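None of the values given here were measured: they were computed from a predicted structure. Worth knowing before you read on, the calculation uses all heavy atoms, side chains too, and leaves out hydrogens, waters and symmetry mates.
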Amino acid sequence: MSRRRGRGENGRRPSRATVIVTALLGVLLVGAAVAIAYFTPLMSVRNVDVVGAKVVDANEIRRIAQAPTGTPLLQVDTVAVADRVAVLPAIEEVTVERSYPSTLTIDVTERVPVVTLEQDGKIGVMDRLGMVYQSFPDRKSLPAPFVGLPTVVTGHPGPKDPTTKAVLTVAQELPVWLRSRTTSIEASSPADITLELKSGRHAVWGDSSQTEEKADALRQILKLNGDELNVSSPDFPAIK
């Protein structure tokens, strides 16, 4: 048995006028829904959720965000809210989203402290991207989370400096046992990195590659006497 499609109950196709009226009704309904969402207090900001905050206080983020409580979600300038939160030094990235029916969600990514450095007579804290985002008068005033970070010593530390990038790569990839023994990481170029150890000895590291292999080689020759431990070629470590 054949079937007919696209026809009404009487077997006729809907008239053009009917199609137009139906489309107009659809547009009007959508417009009404948008208008309701834009103006009605039923979909206004009543909650501000902060996601991703571990070090930065969530209440401080809410305070500086100045989220317009009571304003319909569609009227909230999410970019402006994000820009206000982004001025917090410890925030690397922030996004703000509307979560219906009545929540504004602030999702933050905090900066990851990797090394410290002496800059302009102060002690700065540098994140994984090479940004110095906090500074303190001296090492005695460093908060606990920053006390064990190694110091970076390069010619021109900064986010665009290749040598700084290489040092940060090494600092982040060091195993825990070696990071805890490292007081500073010095480099004159991306291929000339040296670790200064708490014992007073120093390890010639070379470039930022093969961190795991170099750390394993260093663990072995730490047992030997000598002040200079060269693991730049981890298959052939040397000691002086």
Side-chain angles (χ1 to χ4, degrees), residues 49-67 77-97 105-176 178-196 205-209 211-212 214-215:
D49 287 348
V50 176
V51 179
K54 298 177 182 178
V55 176
V56 183
D57 184 70
N59 289 327
E60 174 64 7
I61 292 174
R62 291 188 183 93
R63 184 192 68 78
I64 200 168
Q66 299 176 29
D77 187 342
T78 56
V79 174
V81 174
D83 286 344
R84 288 193 288 270
V85 176
V87 303
L88 290 170
I91 298 299
E92 178 182 314
E93 185 178 6
V94 56
T95 57
V96 179
E97 296 181 348
T105 301
I106 302 174
D107 191 345
V108 300
T109 300
E110 296 180 336
R111 295 189 184 278
V112 178
V114 177
V115 295
T116 61
L117 74 164
E118 295 184 10
Q119 190 176 63
D120 300 326
K122 297 182 179 180
I123 304 300
V125 178
M126 181 178 283
D127 75 349
R128 66 184 185 89
L129 301 176
M131 296 294 294
V132 178
Y133 66 99
Q134 290 196 53
S135 61
F136 302 88
D138 49 47
R139 293 200 173 277
K140 293 181 180 180
S141 59
L142 283 174
F146 305 143
V147 170
L149 296 178
T151 300
V152 60
V153 181
T154 65
H156 304 281
K160 296 182 180 180
D161 176 49
T163 303
T164 301
K165 292 180 180 179
V167 168
L168 291 173
T169 297
V170 172
Q172 292 177 89
E173 294 180 355
L174 288 178
V176 175
L178 180 52
R179 188 184 302 117
S180 65
R181 297 188 183 190
T182 302
T183 58
S184 66
I185 304 177
E186 302 180 4
S188 58
S189 74
D192 183 29
I193 300 171
T194 299
L195 308 186
E196 298 297 329
W205 204 258
D207 61 21
S208 60
S209 67
T211 296
E212 183 178 354
K214 291 175 182 178

Residues two or more places apart in sequence or in another chain: which of them pass salt bridge (charged side-chain N to carboxylate O under 4.0 Å, His left out) with Asp49?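 With sequence neighbours excluded, Asp49 shows a salt bridge (charged side-chain N to carboxylate O under 4.0 Å, His left out) to no residue whatsoever.
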Results of salt bridge (charged side-chain N to carboxylate O under 4.0 Å, His left out) for Arg111 - residues two or more places apart only: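 By the salt bridge (charged side-chain N to carboxylate O under 4.0 Å, His left out) rule, Arg111 matches Asp127.
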Rounded to the nearest 0.5 Å, what separation is found between the [atom1] atom of [X] and the [atom2] atom of [Y]?
X: Ser184; Y: Leu117; atom1: OG; atom2: CG; result: 12.0 Å
X: Thr182; Y: Leu149; atom1: OG1; atom2: CG; result: 11.5 Å
X: Ile193; Y: Lys214; atom1: CD1; atom2: NZ; result: 7.0 Å
X: Met131; Y: Leu168; atom1: CE; atom2: CG; result: 12.0 Å

Heavy atoms of other groups near Glu212 CD, more than 12 under 6.0 Å: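 Open: at most 12 neighbouring heavy atoms sit under 6.0 Å from CD of Glu212.
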Considering all heavy atoms, the nearest [X]-[Y] contact:
X: Ser189; Y: Thr163; answer: CA-OG1, 3.5 Å
X: Leu174; Y: Arg179; answer: O-NH2, 2.6 Å
X: Ile106; Y: Val96; answer: CG1-CG2, 4.3 Å
X: Gly124; Y: Val132; answer: CA-CG1, 3.9 Å
X: Pro113; Y: Val125; answer: CB-CG1, 3.8 Å

Test Thr164 against every option in Pro159, Pro157, Pro190 by the side chain to side chain contact (heavy atoms under 4.5 Å, CB included) rule and name the one that passes.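 That would be Pro157; it is the only one of Pro159, Pro157, Pro190 passing the side chain to side chain contact (heavy atoms under 4.5 Å, CB included) with Thr164.
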Tyr133 and Phe146 aromatic ring geometry - parallel, tilted or perpendicular at 30°/60° bounds: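 Answer is perpendicular, since the angle exceeds 60°.
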Give the table of side-chain donor-acceptor pairs shorter than 3.5 Å for residues 88-95, with sequence neighbours excluded, one pair per line with atom names and distance.
| from | atom 1 | to | atom 2 | distance (Å) |
| --- | --- | --- | --- | --- |
| Glu92 | OE1 | Arg128 | NE | 3.3 |
| Glu92 | OE2 | Arg128 | NH2 | 2.6 |

Could you list all the salt bridge (charged side-chain N to carboxylate O under 4.0 Å, His left out) pairs where at least one residue sits in residues 138-158, not counting sequence neighbours?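 Of all non-adjacent pairs touching residues 138-158, none passes salt bridge (charged side-chain N to carboxylate O under 4.0 Å, His left out).
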Salt bridge (charged side-chain N to carboxylate O under 4.0 Å, His left out) pairs, two or more places apart, involving residues 158-173: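 Counting only pairs at least two positions apart or across chains, no salt bridge (charged side-chain N to carboxylate O under 4.0 Å, His left out) contact touches residues 158-173.
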Does the side chain of Asp120 come within less than 4.5 Å of Lys122's, by heavy atoms?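 Sidechains of Asp120 and Lys122: no contact.
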Side-chain donor-acceptor pairs under 3.5 Å in residues 55-65, sequence neighbours left out?
| from | atom 1 | to | atom 2 | distance (Å) |
| --- | --- | --- | --- | --- |
| Asp57 | OD2 | Asn59 | N | 3.1 |
| Asp57 | OD2 | Glu60 | N | 3.1 |
| Asn59 | OD1 | Arg62 | NH1 | 3.0 |
| Glu60 | OE1 | Arg63 | NE | 3.0 |
| Glu60 | OE2 | Arg63 | NH2 | 2.8 |
| Arg62 | NE | Val48 | O | 2.9 |

